[in-house]
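What follows is one structure encoded as structure tokens, with my remarks underneath.
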Amino acid sequence: MDDASTSFLGENGKWHRLIHRVRGMGLWFELTRNLASRDVETRYKHSLLGLYWAIINPLVTAAIFGFIFGVIFHVSTKPIPYVVFYLAGLTFWNFFANGIMSAVGSVSGNAALLAKIYFPRVVLPTASILARFIDFLFSLGVFIIFILIYRVLVHWTSLWLPAILLIQIFFTMGIGYMVAALNVLYRDMTQLMGLLLMVWLYFSPVIYRLSAVPKTLQTLLLIDPMGTIIEMERNVIFTGRILYPEYLWVAVAWTGVVFLGGLALFKRVEPMFAEVM
Amino acid sequence: MTVNQEPSSPSVSGQGSLLKTDQISRWAWVWAYTAIVTTLAVVRYGMFVSHGYSLAGYLTAFALILHGNSALLASNLLTQHIALQHAWALWVLAPFAKYFDLSFLFFASAFWVGTGSLAIWRIGLMLGRDRGTIMVASVLYLLYPSMIAANIYDFHLMVWASPIIVWLVWYALDRRWVPFLALLVLATGIGVGVSGALLLTGLGLILWRRTVWFGLLVGAFTVLYWGISHGLSWPLQEGLRQGHIDLRTVLYLAWIVLPAAIAVGGLMLRKGLYNVWWVPVVALVGFNVMQGTVQSTSPFTDASAWIAPFLALIVVSAGHFPSRLKKLALLWTAGWVVLMGGYLYHATWRPRPTNVAELHTALAMVPQHATLVGQSYILPHRRVNPNNMPAFALGRIVIPAGTYVLIDPSVWDGYTPRTLLTEWQTRAARARGIHLLYHHSGVWLFRTTQPIVPIHQG
């Protein structure tokens with residue numbers, strides 16, 4: 001009996017545990033998906049324009065940046081029309097920034113839910129980021145329409161976009177887990193992240209070309225994973241090649257640290273949620 | 001099970017082994033090490049701050065393999081020392097380096113080395129050591145100068161043997177024959193040189209008593225592997241014959257041999273700290289000193305990197321490791337890292353090229369299919385390209401007509417005699433058999449218009 005329970009296929013065997021784990025993961029995923037759709041629904045339920053807000057925001061921001069940098073300061077984005085250039089950067093940046101801002105309050109804003117039912121708490125920030133990913137897909141649609149309107153040449157290397165987006169999703173989730181956990185302990189995180197993301201935006205090649213800044217500064221901007229990710233996303237669409245390929249693995253490595261570090265921090269703070277909230 | 005049911009066990013809730021907080025943290029540390037080392041390696045690469053000879057050799061080897069010219073590995077000046085290793089991992093790595101960029105090599109190397117700390121944690125936990133002791137062992141392993149320098153400042157496949165050592169010890173301790181054997185077979189991928197690391201590991205495992213059979217297996221496997229791949233020859237004879245002492249050897253004696261001797265002396269006084277893992281350390285240090293080559297007695301190359309896993313094993317295997325000694329070990333490591341920083345500041349940072357833009361301009365003028373003779377810190381910037389030749393070839397072989405030569409005589413790459421570069425600079429200025437293409441800020445790019453015989457160096 002003992003042998004059977006410890007064997008590979010036994011009740012407590014590795015195979016059995018693996019099946020349970022996969023089933024558990026399935027439940028997590030289902031819950032995350034449901035929470036994400038609920039998030040999107042409640043966000044736009046009583047609003048007049050609904051999901052159009054997901055499109056209006058990047059459009060207005062791109063128009064403002066386009067007017068300031070393109071019309072007033074005559075910053076060149078050639079051969080890409082400046083509206084498309086800014087929209088490209090902002091569409092991907094907004095997914096990151098909105099994802100984090102949604103994740104910040106995802107745990108602290110669901111105190112009632114946490115008190116009622118048991119579920120892995122990490123699902124909450126994950127669902128928030130997934131909800132912003134749905135918004136992002138709408139923005140991406142608008143971005144594609146603008147590419148078609150301006151007849152901008154798109155390269156086949158755009159097929160790499162899902163892989164780069166995957167890195168961005170993991171990076172966003174890592175920071176999301178960190179700030180969601182810390183926000184339970186210190187409610188300043190929302191204000192702090194708002195400020196930090198504003199500074200981060202200007203220190204990333206979102207609204208300017210990387211090639212336009214001095215070489216030393218380029219290195220610093222590329223060490224920031226978001227800098228590399230945004231640059232790669234724009235490169236694969238418009239240039240047909242990654243201009244700074246050596247920084248790809250730097251971004252991957254830092255994404256790994258941020259994701260696992262964020263998850264570890266979340267798991268460490270998780271037992272304190274009940275006491276603090 | 002529904003979502004509102006409290007889980008009966010962690011596995012049922014979907015919280016697999018990877019999601020245990022401790023394990024996530026350990027993996028996060030591995031990734032943090034990877035990220036720091038990869039970033040430093042890439043930044044250094046971008047600034048041309050390296051000798052990069054090994055990296056240039058590996059990139060050329062990958063290109064030769066991908067072009068179906070692997071037979072040329074043994075005759076190419078940049079790859080012949082790599083070809084001697086018979087490392088089958090080159091065939092696996094080549095497409096990755098080509099299609100995922102050379103920074104994949106930095107990433108993979110740092111990541112694989114970093115995973116060794118996971119094995120150290122497992123060994124420590126199985127032996128019942130406290131977290132502090134295991135942490136000291138991990139730090140000793142990850143920040144050991146030879147290990148970190150070999151990773152940050154170049155690409156050395158042989159450093160990959162270091163994590164193999166600790167993983168082998170872990171599998172032996174856990175009595176897992178299948179992964180143990182699989183890892184032994186995988187170890188052969190990095191080349192014949194790994195035999196040294198395997199033999200030392202086997203020796204340690206035999207002396208450890210609880211893993212005698214694993215040690216014997218490693219010994220038998222290594223002898224068999226060595227016999228098949230190297231015809232039972234002794235690859236280090238040349239080094240033993242060369243035997244000379246230079247500044248690097250003196251540094252090696254001061255930084256590696258002396259502290260080891262002091263530590264061994266300390267062991268005589270505190271016998272509780274003695275364990276079998278000192279034997280491979282002493283054997284390896286002794287062997288490197290006896291060999292007396294620049295490579296073997298450098299404190300910063302892969303030849304000494306294998307000491308790191310054995311040092312970590314000494315710490316986790318010690319019955320009792322007093323907290324004062326733990327602090328001393330951390331201080332020792334920190335001191336070494338500072339010394340390493342100082343050394344590298346003087347050796348590579350201060351004399352770094354300041355004409356990076358000019359180097360890029362010159363490199364852009366060389367067609368991809370053309371043969372380029374260049375200093376070792378320039379060649380890796382052609383990425384995976386088979387048409388590379390080291391600058392010291394200018395003094396050794398006849399340079400065919402149509403060859404591009406890119407040199408900066410003000411920068412020493414660690415391999416090309418300065419006099420040779422100056423002579424070629426003079427030759428370029430006189431334009432004898434040479435068509436000067438670019439000259440700016442000390443960078444010379446020219447194409448030979450007729451075969452050029454080597455200039456003999458005094």
Side-chain angles (χ1 to χ4, degrees), chain A residues 12 14 16-32 34-35 113 116-120 122-123 174 177 215-216 218-220 222-225 228 242 244-271, chain B residues 1-47 96-111 114 356-357 360 380-381 383:
Chain A
N12 292 323
K14 280 183 182 174
H16 200 76
R17 283 208 304 266
L18 187 72
I19 291 170
H20 269 287
R21 204 171 293 169
V22 171
R23 277 185 192 159
M25 292 294 270
L27 281 171
W28 281 32
F29 185 76
E30 194 188 324
L31 181 63
T32 310
N34 288 336
L35 283 170
L113 191 68
K116 278 180 198 162
I117 53 171
Y118 173 81
F119 63 93
V122 81
V123 161
Y177 295 150
K215 201 82 182 165
T216 322
Q218 275 181 25
T219 307
L220 286 174
L222 285 166
I223 288 171
D224 161 25
T228 301
I242 294 173
Y244 306 92
E246 59 270 29
Y247 287 90
L248 162 68
W249 292 99
V250 174
V252 170
W254 283 111
T255 300
V257 182
V258 168
F259 179 73
L260 289 168
L263 200 56
L265 181 77
F266 191 93
K267 299 285 284 178
R268 258 185 222 288
V269 179
E270 199 177 352
Chain B
M1 194 187 79
T2 54
V3 287
N4 58 350
Q5 281 177 323
E6 192 75 25
S8 54
S9 72
S11 66
V12 175
S13 75
Q15 299 179 47
S17 59
L18 185 70
L19 289 183
K20 284 175 188 165
T21 312
D22 270 5
Q23 285 197 12
I24 303 170
S25 304
R26 268 174 247 151
W27 274 104
W29 280 112
V30 171
W31 278 87
Y33 178 79
T34 309
I36 292 167
V37 172
T38 310
T39 306
L40 289 172
V42 167
V43 169
R44 160 206 148 274
Y45 167 80
M47 298 176 87
F96 285 97
K98 169 84 178 170
Y99 299 108
F100 292 115
D101 196 67
L102 61 88
S103 58
F104 171 78
L105 299 175
F106 300 140
F107 171 84
S109 192
F111 187 74
V356 172
H360 278 298
H381 287 263
R383 293 196 154 82

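Convention: sequence-line order gives letters A, B, ...; per-chain numbering from 1.
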With rounding to the nearest 0.5 angstrom, report the [atom1] to [atom2] distance, [X] to [Y].
| X | Y | atom1 | atom2 | value |
| --- | --- | --- | --- | --- |
| A:Ile242 | B:Phe100 | CD1 | CZ | 10.0 Å |
| B:Met47 | A:Thr216 | CE | OG1 | 6.5 Å |
| A:Leu265 | B:Ile24 | CG | CD1 | 11.0 Å |
| A:Lys215 | B:His360 | NZ | NE2 | 5.0 Å |
| A:Lys267 | B:Ser25 | NZ | OG | 11.0 Å |

Under 3.5 Å, side-chain donor or acceptor atoms of residues 103-111 of chain B against the rest of the protein: list the pairs with distances, not counting sequence neighbours.
| from | atom 1 | to | atom 2 | distance (Å) |
| --- | --- | --- | --- | --- |
| B:Ser103 | OG | A:Glu246 | O | 3.1 |
| B:Ser103 | OG | B:Asp101 | OD2 | 3.4 |
| B:Ser109 | OG | B:Asn151 | OD1 | 2.7 |
| B:Ser109 | OG | B:Trp160 | NE1 | 3.0 |

(message) Quick check on A:Val252 against chain B: is it the side chain, the backbone, both or neither that has a heavy atom closer than 4.5 Å?
(response) both

(message) Going by the rule side chain to side chain contact (heavy atoms under 4.5 Å, CB included), which residues pair with A:Val257 if we only count those two or more places apart in sequence or in a different chain?
(response) A:Trp254, B:Trp31, B:Ala32, B:Ala35

(message) Could you walk me through whether A:Tyr247 and B:Val42 satisfy the side-chain contact (heavy atoms from CB on, under 4.5 Å) test, starting with their C-alpha distance in whole Å, then the side-chain angles of each, then the deciding distance to 0.1 Å, before giving a yes or no?
(response) CA-CA 7 Å; A:Tyr247 287 90; B:Val42 167; 3.8 Å; yes

(message) Applying the side-chain contact (heavy atoms from CB on, under 4.5 Å) criterion to A:Val250, which one of B:Val43, B:Leu40, B:Thr39, B:Thr34 satisfies it?
(response) B:Thr39

(request) Decide yes or no for B:Arg383 and A:Pro245: does some side-chain heavy atom of the first lie under 4.5 Å from some side-chain heavy atom of the second? (result) yes

(message) Minimum heavy-atom separation for A:Gly261 and B:Ala28, please, with both atom names.
(response) N-CB, 3.8 Å

